[in-house]
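Input: a single structure, listed below in structure tokens.
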Amino acid sequence: MTTTKPSATPQRPSSDDTPAAALHTGTSDPRTLILGNLRQSGIYVALVVIVALFAVLTDGVSLSPGNITNIVLQYSYILVLAIGMVIVIIGGHIDLSVGSVVALTGAVSAVLVIRQGQPWWIGVLAALAVGIAVGAWHGFWVAYAGIPAFIVTLAGMLLFRGLTLRVLDNISLSPFPAEYQRVAAGFLNGLIGGQGYDAFTLLIGAVAVAGYAVSVFRTRLARIRYQQPVESFPLFVARVLLVGAVIMYFAWQLAHARGLPIVLIILAVLVLVYGLVTRRTVFGRRVYAIGGNLSAATLSGVKVRTVNFWMFVNMGFLAAVAGVIYSSRSNGAQPAAGNMFELDAIAAAFIGGAAVTGGVGTVVGAMVGGLIMAVMSNGMQLMGVDQSTQSVVKGLVLLVAVAFDVYNKRRAGQAR
């Protein structure tokens, strides 16, 4: 009797049986799943641990509706900067000027709106135009003049800080009109009612959960189609339910505070758009290619100069968005605005899994890294920890994140 041995290489499932395979394919070993993508899974575990730690240390105050709302309002501009910074870092560069660009764009907006009495939206558009021009300036020197981004943006940090002082005549300007303030301090509340809570915020939370579930299920199908490892379906369902519960808890807390912050909508749109840009577009793939292996990207026909130029234009645009949000939040423009913002954005990108050498990182990872920094800062403020100690803790966390990246590379090299 002849027996047929099963093929050592699994066959690629057809498009007809892929949905069925999604229900029965995968591993149930959590250790294998975590270690298989240690760089990304580690930051999610770290975020959960840090949130739980400060919830205990502050007797639950850190998870109160009012404090969660304050975290969104206080750190949204850092998260916006982190989106642009992680793209720059993936491409193998760095930008040290974003704090000064935040100050300059806020100053330009303040001069037009507060001093000259222009409509609030003129100030916003002018700030965005200045940010794009700054990004083009940096992009030209990096991409076409061949000067390292570290030097170009270090010069930019000094240059645009000086221009901020000149634009403001070394004085602060305030206040902005109510419409401008709503960009960072406004809320959508009561649009569809709610008894003691904002039903619209809960509806948006439910839509976010549904969108997440559809997105990760499609990703699972794609991984199965190309015979990549996935978790078992029960673990997949558990992950979706857990993330959904976290999102709805977050929405529930916001709904019981002041409703849905407008700045959170802006941030969510940016995360969705740039998540798609980095993962699904030619430009995104070329950014990864340049950061991963510049020589190979050049030989493959990638227009390296053009991609580098637009990376910095994009960073300037997002710095301007952050400048509008910050000036709206602070209800004015100050010569010292944006001080050290670049370090927070860089820390968010590296803590979120970006590699020092480029070619690795995600927008979502940068958001998680930014949230880790935000929760830590907010928790230490609630505990009354002095500023010097906070700086020490942040520095140690950044050092550990980079050391973790180096360890991962060595481990991967030894595995080969």
Side-chain angles (χ1 to χ4, degrees), residues 73-82 84-85 94-138 141 150-185 263 312 315-348 373-374 377 381 386-388 390-391 394:
L73 299 179
Q74 291 174 3
Y75 298 98
S76 55
Y77 43 87
I78 297 298
L79 296 179
V80 171
L81 289 175
M85 189 63 72
I94 200 75
D95 193 334
L96 302 178
S97 70
V98 293
S100 297
V101 180
V102 166
L104 177 61
T105 53
V108 169
S109 184
V111 167
L112 289 173
V113 177
I114 298 174
R115 184 178 291 171
Q116 298 183 8
Q118 298 292 329
W120 68 273
W121 54 270
I122 292 292
V124 172
L125 292 179
L128 296 179
V130 169
I132 292 171
V134 168
W137 168 266
H138 286 156
W141 290 107
F150 180 90
I151 302 300
V152 171
T153 58
L154 179 61
M157 179 175 67
L158 302 174
L159 170 64
F160 299 120
R161 181 64 64 181
L163 286 178
T164 300
L165 296 176
R166 284 189 170 274
V167 169
L168 292 176
D169 294 328
N170 209 18
I171 61 173
S172 299
L173 291 179
S174 65
F176 279 106
E179 296 86 353
Y180 193 95
Q181 294 179 45
R182 280 181 57 81
V183 173
V263 71
F312 281 95
M315 183 72 258
F317 167 74
L318 289 175
V321 174
V324 171
I325 292 173
Y326 182 75
S327 59
S328 172
R329 167 70 178 166
S330 58
N331 194 21
Q334 303 85 29
N339 188 32
M340 304 294 284
F341 281 12
E342 57 276 351
L343 298 186
D344 288 333
I346 292 169
M373 298 293 289
S377 298
Q381 290 171 8
D386 60 85
Q387 192 65 40
S388 59
Q390 292 186 37
S391 296
K394 289 179 181 179

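Since this is a predicted model, take the numbers as computed values, not measurements.
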Nearest heavy atoms of Leu81 and Met315, plus distance in Å: O-CE, 3.7 Å
Spacing of CE belonging to Met340 relative to CD1 belonging to Ile346, to within rounding of 0.5 Å: 10.0 Å
Donor-acceptor pairs are to be reported for all side-chain atoms of residues 100-117 against protein atoms at under 3.5 Å, with residues two or more places apart or in another chain.
residue, atom, partner, partner atom, Å
Ser100, OG, Met157, O, 2.7
Thr105, OG1, Val101, O, 2.8
Thr105, OG1, Val102, O, 3.1
Ser109, OG, Gly123, O, 3.3
Ser109, OG, Tyr180, OH, 3.0

Verdict with supporting geometry, Val183 and Val263, side-chain contact (heavy atoms from CB on, under 4.5 Å): CA-CA 6 Å; Val183 173; Val263 71; 6.0 Å; no
Least distance between heavy atoms, Ser328 atom then Arg182 atom: OG-N, 4.3 Å
N/O donor-acceptor pair under 3.5 Å between Ser174 side chain and Gly332 backbone: no
Closest approach of Ile94 to Phe150 (non-hydrogen atoms, all atoms of both residues): CG2-CA, 3.9 Å
Check: Asp169 side chain, Ile171 main-chain N or O, donor-acceptor pair, under 3.5 Å: no
CA sep, side-chain torsions, deciding dist, call: Glu342, Asp95, side-chain contact (heavy atoms from CB on, under 4.5 Å): CA-CA 7 Å; Glu342 57 276 351; Asp95 193 334; over 6 Å; no
Step-by-step side-chain contact (heavy atoms from CB on, under 4.5 Å) determination, Trp141 to Ile151: CA-CA 10 Å; Trp141 290 107; Ile151 302 300; over 6 Å; no
Nearest non-hydrogen partners of Gly99 and Phe341, listed with the distance: CA-CB, 4.0 Å
Smallest separation among heavy atoms of Ala82 and Ala345, with atom names: N-CB, 4.1 Å
Heavy-atom pair of closest approach, residues Ala184 and Ile325: CB-O, 3.3 Å
Thr164 side chain to Phe160 backbone, donor-acceptor under 3.5 Å: yes
side-chain contact (heavy atoms from CB on, under 4.5 Å) between Leu159 and Trp137, intermediate numbers included: CA-CA 12 Å; Leu159 170 64; Trp137 168 266; 4.1 Å; yes
Rounded distance (nearest 0.5 Å) linking atom CZ of Phe176 with atom OG of Ser330: 7.5 Å
Any donor-acceptor N/O pair, Arg161 side chain to Pro335 backbone, under 3.5 Å: yes
Under 3.5 Å donor-acceptor, Asn170 side chain and Leu165 backbone: no
